[in-house]
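Right, one structure below, let's go through it.
So that the names make sense, note that chain A is the first sequence line, chain B the second, and so on, each numbered from 1.
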Number of protein chains: 2
Amino acid sequence: MKDVAQHAGVSTATVSRVLNGHAAPTPETRERVLAAIEELGYRPNALARSLRTTSTQTLGLVISDLLNPFFAEIARAVEDEARSHGYCVVIGNADESAEQEATYVRTLLDRRVDGLLLCPATDDPSLVREVSAGGVPLVLLDRTVRGATCPVVRADGSEALTALARRLVGAGHSRIGVIAGPPDTSTGRERSDVFTGALGGAAQIVHGDFRQESGSQAAAKLIDDGVTALVAMDNLMGLGALGEIKARGLRIPHDIAIAVFDDQPWFPLLDPPITVIAQPTVEMGRAAARSLLALINGQQPDDVRLSAKLVLRGSCGEAEL
Amino acid sequence: MKDVAQHAGVSTATVSRVLNGHAAPTPETRERVLAAIEELGYRPNALARSLRTTSTQTLGLVISDLLNPFFAEIARAVEDEARSHGYCVVIGNADESAEQEATYVRTLLDRRVDGLLLCPATDDPSLVREVSAGGVPLVLLDRTVRGATCPVVRADGSEALTALARRLVGAGHSRIGVIAGPPDTSTGRERSDVFTGALGGAAQIVHGDFRQESGSQAAAKLIDDGVTALVAMDNLMGLGALGEIKARGLRIPHDIAIAVFDDQPWFPLLDPPITVIAQPTVEMGRAAARSLLALINGQQPDDVRLSAKLVLRGSCGEAEL
DNA sequence: GACAGCCGTGTAATCGATTAACTTCTCGTC
DNA sequence: GACGAGAAGTTAATCGATTACACGGCTGTC
């Protein structure tokens, strides 16, 4: 920057003003400075700028698992929205581990992100408290924690889950297996609670960990127990369950019905296509980013709940069968 | 930091020394400083530290498309490897757009990442030159550019593609359609070149853009042209092609054979399971991160080529049929 | 007892920007 | 012609760390 100033025959203050469109340098000075910048190929040092201004124009996003396409899509949406407001997004991958999550959150805070989006790995509020105590704007995404005091953006699956329960009961299923997420995550509990509630409590629940392998194992256990319908509360566990069904040579929906929470582009390709509860993923990501930006600008955004939709495709014996 | 120093009754220099394990403060001083840090909940400002040391302990990763599970897995692997060496990764999503790619690369350079991993959107070398000119360590991943002068890490599909070509010809296919990537990407050209080469040139090629929609369109065109086998050179285009095949009610492999470059966990679930060329995705990501770290440490890593493997599953009429 | 050498710490410069406060200069007005 | 307002630009403090250099005190040697 000093070089640029010298080259243009002005002070660094003037260069800074030209750069930030501040005050009012003469058009002529402006030109000289811009020419010098161009000639020297100068690019301002974002670190120094941030140190001085205490603003990094960066949002932190800590997600549970980058390999889960649901979160990948969320990340994509957050990034789009953030970029359109001139913000950058740094993604941290917690790998469904509370420890790694905490590490990432602290790293991001150390780098002074302007705000943080978090998909908490567990519903333990201590990390959230730590962030809030630091005064950093925080929005929770997809999942919440006990006694959360910050805005939360998530999908509301109650209606869809209730409709699904009715469908399955209506189709004559009385032994229904639920592959739920970990009981210490809000989505792990709530989804299966709502579903079994709508079922009148007559379901068998196995908790997985939102990963494929746990889906296979849960499915195996439930099938051994004689269920005639499976509901996987996450796309990866659904993938695992479908693998187990295929491995056993069971026919869908004749031998066993299945539905999955969270749609993926390949579900319609299976035979029969899989009935799912589709979440408004992109909207969730955008809404979360918007809420966070609002919080950063001193506003008090409300919680957001976007409803998920039941998409009937045939794997529960409805539709064309 | 000043507060901590005051609290512990020492100077900031000493605090810094304790923090960095430098020199040798007395164990007793050390304790006092650590206690003060603990009590005040002090966390060092990474921006200031980086400004001073000109090292951010951060790698930049610009990938073509975060929604493509292939790149998501790469990102995950890069991050794992980087973290295990004490580095953080900032991910930028170029969305297969050269323009957005350039924007992200510049943003990352402005933030002074210690090195950059790039999956170039096109084989135009100008951006790569720009980065190299800035003296920032750079490694290309998955794709290369014309006249690249930096290390490249990628998959080698020649053997697998050749084997696949032989299989298809052996199975009696004479009209084979290739759904290739954009001709201005190295993977878009090379894969179909190798494949059609092995075929003796007797293939019809349609170029897509590495996304699902283009896969459907390409498949539609090729099927209309009467091909009896399809090879999609990327998993998303493969997804699109499979959708088109399903929409037309064609039976695999009886009416049409299909194989896809790049494996995904759901390919085995289809009926029949899809024959693929599996890339060593995780290894590619790790190798790229390692190369970059080596470069940062002043070494001169070689290019890395990891071979992809043909996985026969039935969609080309081999196996159990 | 004086002096060299080492050890633990403090002082202050520095990284590259932003910006408050100040200086200069140009006009316009009476 | 003097004075004041306003515009354009400069000087220097500052953000929060790191680190070269300086300094004082202790030890050991002759």
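Note on A:Val10: only backbone sugar-phosphate atoms sit closer than 4.0 angstrom, heavy atoms only; bases stay farther off. If you check every strand for non-hydrogen atoms under 4.0 Å, B:Thr26 touches sugar and phosphate atoms only. Within the nucleic acid shown, B:Thr53 comes within 4.0 Å of sugar-phosphate atoms alone, with no base atom in reach, counting heavy atoms only. Note on A:Thr29: only backbone sugar-phosphate atoms sit closer than 4.0 angstrom, heavy atoms only; bases stay farther off. Nucleic acid contact for B:Thr14: sugar-phosphate only, since backbone atoms but no base atoms lie under 4.0 Å from a heavy atom of the residue.
When the C1' atom of D:dA17 is taken as reference, atom CD1 of B:Ile37 falls 13 Å away, rounded to whole Å. Rounded to whole Å, the distance from CG on B:Leu47 to C1' on D:dT14 is 15 Å. With rounding to whole Å, B:Arg111 atom CZ is found 15 Å from C:dA17 atom P. To the nearest angstrom, P of C:dT14 lies 19 Å from CZ of A:Arg52. What separates CD of B:Gln57 from P of D:dT18 is a distance of 12 Å, to the nearest Å. A:Met1 has its CE atom 12 Å from the C1' atom of D:dT10, to the nearest Å. Rounded to whole angstrom, the span from the CG atom of B:Asp3 across to the P atom of D:dC15 amounts to 11 Å. The CG-C1' distance, from B:Asn20 to D:dA17, rounds to 9 Å in whole Å.
Taking only side-chain nitrogens and oxygens, B:Asn45 never comes nearer than 4.0 Å to OP1 or OP2 of D:dC15. Of the side-chain N and O atoms in B:His22, one or more sit less than 4.0 angstrom from OP1 or OP2 of D:dT19.
For C:dT18, its base never sits under 3.5 Å from the side chain of A:Arg49 at any donor and acceptor pair. Contact of B:Arg17 with C:dG10 (side chain to base): a donor-acceptor pair of N or O atoms is detected under 3.5 Å.
The side chain of A:Ala48 lies closest to C:dA17 when the candidates are D:dT18, C:dA17, C:dG10.
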Query raised in the report: Going through the checks in order, is the side-chain hydrogen bond (donor to acceptor under 3.5 Å, both in side chains) test met by A:Asn68 and A:Asp234?
Result: CA-CA 9 Å; A:Asn68 187 329; A:Asp234 157 69; 3.3 Å; yes
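Note on A:Arg189 versus A:Asp123: salt bridge recorded, some NZ/NE/NH1/NH2 to OD/OE distance being below 4.0 Å. Ion pairing between a basic and an acidic side chain is recognised when a charged N comes within 4.0 Å of a carboxylate O; B:Arg290 and B:Glu283 show such pairing. For the pair B:Glu190 and B:Arg154, the salt-bridge criterion is met [side-chain N within less than 4.0 Å of a carboxylate O].
Judged purely by distance below 3.5 Å, without hydrogens or angles, the side chains of B:Thr58 and A:Arg111 pair a donor atom with an acceptor atom.
For A:Leu51 and B:Thr12, each mapped to the nucleotide of DNA chain D holding its nearest heavy atom, the one lying further toward the 5' end belongs to A:Leu51.
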